[in-house]
Amino acid sequence: MKTIALIFGRKNSKGLKNKNIRKINSKPMCSHVIDEVKKVKKIKNVYVSTDSEFIISEAKKKNCQII
């Protein structure tokens, strides 16, 4: 059986504006999430669902599938 990861990232957060693209240690938060998921050896594919062009570009740089 193949294990996959689904990552969801909204363009506009209701609680904290732009939280998914805010930088933490000079890297957008969405990139931190993708990097941590990619460390898990059992996960074969990472899929990102978003309405943000910025998150799409970051996910593509890290070889994630966009849905």
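Note: hydrogens, waters and symmetry copies are ignored here, and every other heavy atom, side chains too, is used. Note that the structure is predicted; figures quoted are calculated from it, not measured.
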Quick one: closest heavy-atom pair of [X] and [Y], and the distance?
| X | Y | value |
| --- | --- | --- |
| Pro28 | Ile21 | CB-O, 4.0 Å |
| Ile55 | Gly9 | CD1-O, 3.9 Å |
| Ala59 | Ile66 | CB-CD1, 3.6 Å |

**Asked** Other hydrophobic cluster members with Met29, side-chain heavy atoms of Ile/Leu/Val/Met/Phe/Trp/Tyr under 4.5 Å, chained?
**Response**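 Via sub-4.5 Å side-chain contacts, Met29 links to Ile24.
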
**Asked** Hey, any chance Val37 and Ile4 share a hydrophobic cluster, counting ILVMFWY side chains that come within less than 4.5 Å of each other, even indirectly?
**Response**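 No, separate clusters.
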
**Prompt:** Quick one: salt bridge (Lys or Arg N to Asp or Glu O under 4.0 Å) pairs with a partner in residues 4-15, sequence neighbours left out?
**Reply:**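 Qualifying pairs: none.
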
**Request:** Just grab all the salt bridge (Lys or Arg N to Asp or Glu O under 4.0 Å) pairs involving residues 54-64, residues at least two apart or on different chains.
**Result:**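 Non-adjacent pairs meeting salt bridge (Lys or Arg N to Asp or Glu O under 4.0 Å): Asp35-Lys62, Glu58-Lys61.
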
**Message:** With a 4.5 Å cut-off on side-chain heavy atoms, are Asn18 and Asn12 touching?
**Reply:**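 Heavy-atom side-chain distance check passes, below 4.5 Å.
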
**Asked** Side chains of Ser52 and Asn20: does their closest heavy-atom pair fall under 4.5 Å?
**Response**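 Contact flag for Ser52/Asn20 side chains = no.
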
**CD1 on Ile67 to CZ on Phe8, rounded to 0.5 Å** =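 Going from the CZ atom of Phe8 to the CD1 atom of Ile67 covers 6.0 Å.
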
**Message:** Show every side-chain hydrogen bond (donor to acceptor under 3.5 Å, both in side chains) that has at least one partner inside residues 38-49, sequence neighbours left out.
**Reply:**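 Every side-chain hydrogen bond (donor to acceptor under 3.5 Å, both in side chains) pair that includes a residue of residues 38-49, provided the two are not neighbours, is Glu36-Lys39.
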
**Request:** In sequence, state the C-alpha distance, the side-chain angles, and the governing distance for Ile56 and Thr50, and then conclude on side-chain contact (heavy atoms from CB on, under 4.5 Å).
**Result:** CA-CA 7 Å; Ile56 288 171; Thr50 184; 3.5 Å; yes

**Prompt:** Between Cys64 and Ile7, does a side-chain contact (heavy atoms from CB on, under 4.5 Å) hold up when you go through it step by step?
**Reply:** CA-CA 10 Å; Cys64 298; Ile7 299 172; 5.7 Å; no

